[in-house]
Amino acid sequence: MPAAVAITIASLLAPAPLKPQTERTAAANEETVASLAAGRVVIAVVKGAILIGTVENPIEADTHPPIPVPIASERVGVILGAVRWSSPSSQREIARLDEDLPHLHSTAVTQTPHLGTQPVGVEASDLETVGRGFLDRLSDLAQDLHARVDLPKSEPLAELIVADYFAGYGAEVWQLTYGIKQQEETPGYFTTRVLLPSYVQIWPPEKDQPHTLMEFAYPPENPPPTLLDLLRRNDPKLQALLASDPKMAAVAQQFLAGESRKVLPGDATQFLRAALDAIAPPNTRETMAMISEEEGFSWVLAPPREQARPELAPERPPDAPSLLHPTR
C-alpha cells in the first residue's frame, strides 16, 4: 500500500447533496491526497513507565513516520494510516491528523460494553471521547469520497494506538481500528462513511499471557517480523548488539521471558533505541517517547523537524498508485 493515496472527490470539506450525473461529473475535478503514516510501533510496559518507539516504513517519498502524540501528560496516541490530507490542485493542506489529535475529544459519547466493563470508568469513558473525536474528524474528511475506494480487507483507513499510565491503576494499551463502508448510489458515484472503531485492549494481557513487547505495523498486509520474533530467531543484527553489552542481553532475556515489568526504564530505553536502530531500514526516521508514573510524558527521541516544502505535494506521475488503484 503506497504512502500517498489519491481520491477524486466532489468537494473538499462540505458535504454535498446527491446531484444529477452531469453536475457530479463537472464537480468531480478536485483531487485529495492522503499521505500515510507507515511503519512499526513498538511499546514496552516496564517498571513504572511505558516506552513507545516508532520506525518509519518509507514505502513512498511522502511517507510520514508514526509519531507519538501527547494527548495528555499520562496518555499518548499514535496514528497509523491516513494522517495528512491535502489538495495538490489548490495547493492547500486540508488536515494533519497527528497535529489535530490532542484537540479531538467528542462530547457525543455513549458507554459501550467493552469499555463499560473496565475497572476505572473515568479512564474508559475518556478513552472513548478520544476515539469518537478521531472518528468525527475522519468522517468529516471521508464524507466527500465519491469514487470507489479500493482497500484490502485487512487494511483500515486508519488506526489509533493509545497508551496511558494512570497513577493508582497502571498501564493500558488500546488499538482502535477505523474501517470504511461505501454504497453506490448511482453508477460510479459512491457515498462513504467511516465505521465505528473497534476497540481492542492489548495491555494488560490476559492472566496466562506473557508481559512483553507489543508491536503494530501499517500497512498490516505482509508486516515485517516483530522485534520479539527477531530476538527469538537470533537475528544477526540483534545478536551482535546483545553480544556487545551484557546489560542489553539481560534486558532482551527479560522481554523474551515475559517479564517486562521488571525492566528498569533506563535499561529498557537503551535497549529499545539500539535494537530499533539496528533493524530499521537505512535512512528512516525514528521516534521514541516515555510515559513515566512520576513525570508523565517526555521525549526520548523527538521526531525530526520536517523540511518546509514550496508545494504541498509533488506532481504525481500518471501511474502513481492510489486508493483507487493500489499497488498490490
Side-chain angles (χ1 to χ4, degrees), residues 39-55 65-80 98-99 101-105 118-127 129-131 160-176 201-205 209-216 226-228 231 245 247-277 280 285-304:
R40 71 169 82 210
V41 180
V42 181
I43 300 179
V45 176
V46 297
K47 189 173 183 179
I50 305 176
L51 284 169
I52 306 101
T54 74
V55 179
I67 296 176
V69 177
I71 301 174
S73 63
E74 69 284 346
R75 173 172 284 156
V76 163
V78 183
I79 297 172
L80 294 168
D98 52 354
E99 295 178 356
L101 185 59
H103 314 292
L104 300 180
H105 294 267
Q118 294 305 306
V120 181
V122 174
E123 284 78 0
S125 176
D126 188 45
L127 172 67
T129 68
V130 174
L160 177 60
I161 311 302
V162 179
D164 52 49
Y165 203 118
F166 289 100
Y169 179 60
E172 282 189 334
V173 178
W174 291 82
Q175 181 182 25
L176 283 60
Q201 188 169 22
I202 309 299
W203 188 279
Q209 296 300 308
H211 295 77
T212 188
L213 298 172
M214 295 158 278
E215 188 159 332
F216 311 87
T226 67
L227 175 56
L228 198 61
L231 286 171
D245 188 340
K247 183 177 289 187
M248 294 278 196
V251 171
Q253 186 55 46
Q254 286 178 299
F255 284 129
L256 288 170
E259 299 177 342
S260 68
R261 291 181 299 176
K262 296 181 179 180
V263 182
L264 296 176
D267 294 342
T269 300
Q270 182 182 8
F271 169 79
L272 280 180
R273 281 207 61 181
L276 292 178
D277 193 55
R285 291 169 286 185
E286 302 175 36
T287 73
M288 186 172 291
M290 178 187 293
I291 309 172
S292 70
E293 185 176 13
E294 296 180 353
E295 300 180 5
F297 177 87
S298 63
W299 285 111
V300 175
L301 180 62

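Since this is a predicted model, take the numbers as computed values, not measurements. In this chain, residues are counted from 1 in sequence order.
Take Glu286 and apply the salt bridge (charged side-chain N to carboxylate O under 4.0 Å, His left out) test, not counting sequence neighbours, and it matches no residue. Remark: Pro70 engages Phe297 in a side chain to side chain contact (heavy atoms under 4.5 Å, CB included) (not counting sequence neighbours). Annotation: side-chain hydrogen bond (donor to acceptor under 3.5 Å, both in side chains) contacts of Asp98 (sequence neighbours excluded): Arg96. For Glu294, there are no side chain to side chain contact (heavy atoms under 4.5 Å, CB included) partners at least two apart in sequence or on another chain. Shown here are the side-chain hydrogen bond (donor to acceptor under 3.5 Å, both in side chains) partners of Glu215, two or more places apart in sequence or in another chain: Arg40.
Every pair tested for side-chain hydrogen bond (donor to acceptor under 3.5 Å, both in side chains) that includes a residue from residues 42-51 fails, sequence neighbours excluded, so the list is empty.
Note: Phe216 CZ to Thr54 OG1 = 13.0 Å, rounded to the nearest 0.5 Å. The CG atom of Leu101 sits 11.5 Å away from atom CD1 of Ile67, with the distance rounded to the nearest 0.5 Å. In this structure, Trp174 CH2 and Leu160 CG are separated by 12.5 Å, a value rounded to the nearest 0.5 Å. For the atom pair CD1 (Ile202) and CD (Gln209), the distance works out to 11.5 Å, reported to the nearest 0.5 Å. Separation of atoms CE (Met214) and OG1 (Thr226) is listed at 12.5 Å; rounding is to 0.5 Å.
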Show, in sequence, the C-alpha distance, side-chain angles and deciding distance for Asp267 and Val46, and conclude whether the side chain to side chain contact (heavy atoms under 4.5 Å, CB included) test is met. CA-CA 10 Å; Asp267 294 342; Val46 297; over 6 Å; no
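Arg75 has its side chain within reach of Val162: a pair of non-hydrogen atoms, C-beta onward, lies under 4.5 Å apart.
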Please list every donor-acceptor pair under 3.5 Å in which a side-chain atom of residues 268-275 meets a protein atom from a residue at least two apart or in another chain.
residue : atom : partner : partner atom : Å
Thr269  : OG1  : Pro265  : O            : 2.8

For residues 249-262, please give each side-chain donor-acceptor pair under 3.5 Å, one per line with the distance, not counting sequence neighbours.
residue : atom : partner : partner atom : Å
Ser260  : OG   : Val45   : O            : 2.8
Ser260  : OG   : His211  : O            : 3.1
Arg261  : NH2  : His211  : NE2          : 3.4

